Number of protein chains: 2
Amino acid sequence: MTKEKSALMKNIIADYAESYSNFGLNPLMGRIVALLIISKEPKSLDEISDLLEMSKGPISQICRRLKDKNLIEKEWVPGDRKDYYKATDDIFGQAYINHAEKMRKNIEIAGKYAAEANENGGDDADYIIERMREMKAFYEMMDEFNQKFIENWKASR
Amino acid sequence: MTKEKSALMKNIIADYAESYSNFGLNPLMGRIVALLIISKEPKSLDEISDLLEMSKGPISQICRRLKDKNLIEKEWVPGDRKDYYKATDDIFGQAYINHAEKMRKNIEIAGKYAAEANENGGDDADYIIERMREMKAFYEMMDEFNQKFIENWKASR
DNA sequence: TATTTCATTTATAAGTTTTTAAATGTTTGA
DNA sequence: TCAAACATTTAAAAACTTATAAATGAAATA
């Protein structure tokens, strides 16, 4: 019983899949997120499976991961045992919070290697220290901006 | 004639590979970028191939792509026919410029579908229009911040 | 022009990720 | 407790990405 998707929906879903893939995420994540963003009513795994025309296994897994990332959430429907999913209220902001977290890792990485190169003191240690400090400064400034942006976005809604 | 890499170099290279992969880029890009960031002197394809212990084919291809993205550049060495590559001066800033460009695409996507849903006018068109406008607003604000950040970073160097 | 020294392309192989389909768990209600 | 209605896991297949090694192409020099 395959439900129809409009050409519009199909295209949005395809573009999200590509975009998610471009940012290093599973394209199925993008498809599910797109479907739920443009759906007024929450959708069950079976409905998602039906609309995306693929088996339920990976949809179940990816939905759990999306829930862990706070991009989607379950909605309880009284008298129904199925799980119904919908996009979280500020899904765009949340997606960026997750992304900012990934970027923040670079601060740690740079700091770690600046320190290691400092202790180690090999041939080119001085140059490596300098570059790692530059990297650290960059991502620290980046992180400040990210926090500011997230704050502003939340305020603007 | 395999050249030695210090444990420090190895670890930096491995972390960059992982980080690039996490952001949806080829991990070899990360390895080459890391190597050139921490190298004072420009490196030929043969040297990169030697240091990364892999064949030259993909290194040639990825170096071209990195050059197209303005992350690395060729340096001419008089009396030598080889291509020597080094990281561009503001490689971190440039990497972010590229990244911001990827994000900017989402403005177009959202705008396109908001318009399409508007013309189309299917059942759930109103809801889709609303969500696409929200998406557009988000990425427009994002882009403003990105531009401001890039400006600030350049000014701070 | 022929040879050498490079970079680049290509066919193939290896590795990784994603998907399917089927089996297994788990919860609810009769 | 049993059956029904779900979600989840798993093994195998398919699709995709990355790497190798060899061939090709291009440019410089003798």
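This one's a predicted model, so the numbers in the text were calculated from it and none came from an experiment. Numbers restart at 1 for each chain; the letters A, B, ... are given by sequence-line order, proteins then strands.
- Whole-Å rounding puts the B/E47 CD to C/dT5 P distance at 17 Å.
- Residues A/C63 and A/I72 have side chains in contact (heavy-atom distance under 4.5 Å, counting atoms from C-beta outward).
- For the pair B/M29 CE and D/dA19 P, the computed distance is 12 Å after rounding to whole Å.
- Side-chain atoms of A/W153 and A/D90 form a donor-acceptor pair, as typed in the model, at a separation below 3.5 Å.
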Strictly under 4.0 angstrom, non-hydrogen atoms only: write out the protein contact profile of nucleotides 21-30 of chain D, one letter per nucleotide from the 5' end, B, S or -. ------BS--

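- Residue A/N26 places none of its side-chain N or O atoms closer than 4.0 Å to OP1 or OP2 of C/dT17.
- Nearest approach of A/A110 to A/M132, heavy atoms of both residues: CB-O, 3.5 Å.
- D/dC6 atom C1' lies 10 Å from atom CG of A/D80, rounded to whole Å.
- Between A/D50 atom CG and C/dT20 atom P the separation is 13 Å, expressed in whole Å.
- Per the geometry, OH belonging to A/Y85 stands 11 Å off C1' belonging to D/dT8, to the nearest Å.
- Separating the CG atom of A/D46 from the P atom of D/dT8 is a distance of 12 Å, rounded to the nearest angstrom.
- Centroid-to-centroid, the aromatic rings of A/F138 and B/F149 come within less than 6.0 Å.
- When all heavy atoms are compared, the tightest approach of A/I129 to A/A114 is CG1-O, 4.0 Å.
- A sub-4.0 Å separation between OP1 or OP2 of D/dT18 and a side-chain N or O of B/R31 is absent.
- Across all strands, A/R65 comes closer than 4.0 Å to no nucleic acid atom at all (heavy-atom distances).
- Seen from the ring of A/F23, B/K102 counts as a face-on cation partner, given the 6.0 Å and 45° thresholds.
- Between B/Q61 atom CD and C/dC6 atom C1' there is a gap of 16 Å when expressed in whole angstrom units.
- Following rounding to the nearest Å, A/L45 (CG) and C/dT27 (P) show an atom-to-atom distance of 16 Å.
- A sub-4.0 Å separation between OP1 or OP2 of C/dA7 and a side-chain N or O of B/S60 is absent.
- Cluster annotation: A/I150 is connected to A/M142 through the hydrophobic network of ILVMFWY side chains, with a link wherever side-chain heavy atoms come within less than 4.5 Å.
- Checking the phosphate oxygens (OP1, OP2) of D/dT9, a side-chain nitrogen or oxygen of A/R64 falls inside 4.0 Å.
- Along DNA chain C, the nucleotide nearest to B/K82 and the one nearest to A/M54 differ in position, and the one closer to the 5' end is contacted by B/K82.
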